[in-house]
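The block underneath contains the structure these notes are about, expressed in structure tokens.
First listed ligand is number 1; within each ligand, the first listed atom is number 1.
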Amino acid sequence: MTDSPFFSRGPRRHVDGDFSAEELTLANRNSGIALEMMRHDLTPAGMHYLLIHFDIPDIDAEAWRLNVTGNVTSPLSLSLAELQTLPSRTLPVTLECAGNGRAGVTPRYQSMPWRHEAVGTAEWSGTPLRHILERAGIGERTVEIAFLGADRGFAGGVEHNFGWSLTPDEALSDDVLLCTAMNGTPLLPQHGFPARLIVPGWYGMASVKWLTDIQVLDQPFDGYQKTTAYKFRRDKDDPGQPIDFIRVKSLMIPPGMPDWFTRARLVEHGPVELTGRAWSGAGTAIAKVEVAVDDNWFEALLEPPQDRFAWSNWRFTWQATPGEHVLKCRATDENGDTQPLAPRWDNSGYGNNAVHVVPVTVR
Ligand SMILES: Nc1nc2c(c(=O)[nH]1)N[C@H]1C(S)=C(S)[C@@H](COP(=O)(O)O)O[C@H]1N2
Ligand SMILES: [Mo]
């Protein structure tokens with residue numbers, strides 16, 4: 001981590017109302033899922049949300065190497081072809097950005113202004129990371145394993161490559177994959193080509209894209225994203241709590257048809273099939289999903305997930321009557337954690353898992 005005289009902390013602050021040009025620029029670079037595409041169990045790659053902090057690096061797959069260094073018996077430098085000879089697994093995984101819902105936290109922290117759309121589920125294929133770590137032989141005094149991407153830039157006045165770290169126990173799970181494919185095809189440049197980490201059950205920041213370096217450390221990783229950026233904080237002076245697992249959440253596919261500009265919804269009266277997705281972190285299953293019509297709550301029908309780390313489908317038939325209505329959905333997971341009715345405060349707008357509210361007009 002290099003402190004830099006350039007781009008020091010900058011003018012980020014908490015605001016109400018209008019979005020700044022900086023937020024607009026980030027919103028144009030980092031697209032979200034169109035909520036109606038939650039109809040698919042697997043999100044097509046072109047509809048999966050994107051979060052790219054710096055620039056998408058220009059990587060030549062032939063020259064690319066994955067270097068494993070530090071506290072290991074045999075440092076490695078693997079080519080893509082060598083990586084692809086290792087045992088492979090495919091897992092459907094729901095990824096969500098920790099900043100999803102930030103625009104709903106008031107006052108709003110100036111960053112990527114996500115509303116609801118920073119989520120998607122893809123089938124990720126690659127080798128369980130443990131095969132690489134076992135080959136390198138991690139030393140006994142290992143405290144953390146750091147993962148660095150090829151992308152470099154500034155945040156909070158600190159110049160760094162995007163990076164994250166896990167403890168050896170976390171990294172040696174058979175579910176943590178070093179992926180070279182998404183939905184059965186090579187990674188797109190924007191999703192981390194040629195290889196990325198997928199850490200199921202964690203918010204997206206752990207799944208480092210454009211991976212080039214694995215550093216086995218006998219002390220905690222000092223990377224900016226881990227030590228500074230991704231912390232739950234009450235205010236800027238709060239040392240904060242580390243962000244890890246995805247919080248329980250559900251979203252509804254907005255029913256009926258939209259008004260182009262406002263996205264307001266018009267629904268025909270009579271039976272309306274409401275449907276959506278629910279998920280939680282750390283492989284915790286969803287126990288129930290409830291739907292509210294004008295604050296009267298009903299239990300929805302919950303389908304089993306495709307897999308432990310993938311979202312579940314839910315549905316509920318609503319007898320829609322003419323007039324204005326407010327629909328909501330709320331998930332509860334097997335730990336008994338449930339979504340709050342209003343956003344919880346976080347200084348950077350992280351982890352907002354408040355219920356999804358969808359106003360509709362019925363004719
Ligand atoms: N190298 C690198 N990895 C990264 C990021 C990044 O900017 N650079 N963004 C992270 C964040 S915050 C999220 S939410 C996920 C998003 O993955 P996706 O763009 O493939 O959906 O990637 C993570 N991995
Ligand atoms: Mo993210």
**Q.** Option with minimal heavy-atom separation from atom 12 (S) of ligand 1, where the choices are Tyr203, Tyr230, Trp124, Trp114
**A.** Tyr230

Q) With a cut-off of 6.0 Å (strictly less than), are more than 12 heavy atoms of other residues, nucleotides or ligands near CD of Gln241? A) no

Q) So, do Leu50 and Arg29 sit near enough that their side-chain heavy atoms are less than 4.5 Å apart? A) no

Q | Nearest neighbour in protein (non-hydrogen) for atom 21 (O) of ligand 1 | A | Tyr49 O, 2.7 Å

Q. Is any side-chain heavy atom of Val293 less than 4.5 Å from a side-chain heavy atom of Gln319?
A. no

Q: Mark yes when over 12 heavy atoms from residues, nucleotides or ligands other than Asp58 sit less than 6.0 Å from its CG; otherwise mark no.
A: no

Q.
Quick check: Leu51 and ligand 1, any N/O pair under 3.5 Å apart?
A. yes

Q. Which heavy atom of the protein is the closest neighbour of atom 24 (N) of ligand 1, given with residue, atom name and distance?
A. Ser207 O, 2.9 Å

Q) Where do Trp202 and Phe245 land on the ring-ring contact (aromatic ring centres under 6.0 Å, His included) test, with the steps shown first? A) CA-CA 4 Å; Trp202 288 57; Phe245 305 131; 5.4 Å; yes

Q: Just jot down the ligand 1 atoms closer than 4.0 angstrom to any heavy atom of Ile52, in number order.
A: 7 (O)

Q. Which ligand 1 atoms does His48 reach within 4.0 Å, using its non-hydrogen atoms?
A. 21 (O)

Q. Would you say Ser348's side chain and Tyr350's backbone share a donor-acceptor pair under 3.5 angstrom?
A. no

(Q) Quick check against the 3.5 Å criterion: does Arg277 have a side-chain atom that pairs as donor or acceptor with the backbone of Arg39? (A) yes

Q) Between Phe316 and Phe298, what is the ring plane arrangement, given parallel below 30°, perpendicular above 60°, and tilted in between? A) parallel

Q. For ligand 1, is there an atom lying under 4.0 Å from some heavy atom of Trp164?
A. no

(Q) Considering non-hydrogen atoms of the protein only, which is the closest contact for atom 23 (C) of ligand 1, and what is the distance? (A) Gly204 O, 3.2 Å

Q: Give a yes or no on this: more than 12 heavy atoms of other residues, nucleotides or ligands lie within 6.0 Å of atom CZ of Arg65.
A: yes

Q: Evaluate ring-ring contact (aromatic ring centres under 6.0 Å, His included) for Trp345 paired with His14, printing each intermediate quantity in order.
A: CA-CA 12 Å; Trp345 173 250; His14 290 91; 5.6 Å; yes

**Q.** Residue, atom name and distance, where the atom is the protein heavy atom closest to atom 4 (C) of ligand 1
**A.** Phe162 CE2, 3.5 Å

**Q.** Leu50: numbered ligand 1 atoms lying under 4.0 Å from its heavy atoms
**A.** 19 (O)

Q | Min heavy-atom dist Met182 to ligand 1 below 4.0 Å | A | no

Q: Looking only at protein heavy atoms, identify the closest one to atom 17 (O) of ligand 1 and say how far it is in Å.
A: Arg196 NH2, 3.2 Å

**Q.** Enumerated ligand 1 atoms positioned under 4.0 Å from heavy atoms of Trp210
**A.** 1 (N), 2 (C), 8 (N)

**Q.** Per-atom contacts of ligand 1 with Asp151, taking only distances under 4.0 Å to non-hydrogen atoms
**A.** 1 (N), 2 (C), 6 (C), 7 (O), 8 (N)

Q: Would you mind running through ligand 1 and noting each atom that sits below 4.0 Å from a heavy atom of Cys97?
A: 14 (S)

Q) For ligand 1, is there an N or O atom under 3.5 Å from any N or O atom of Lys209? A) yes

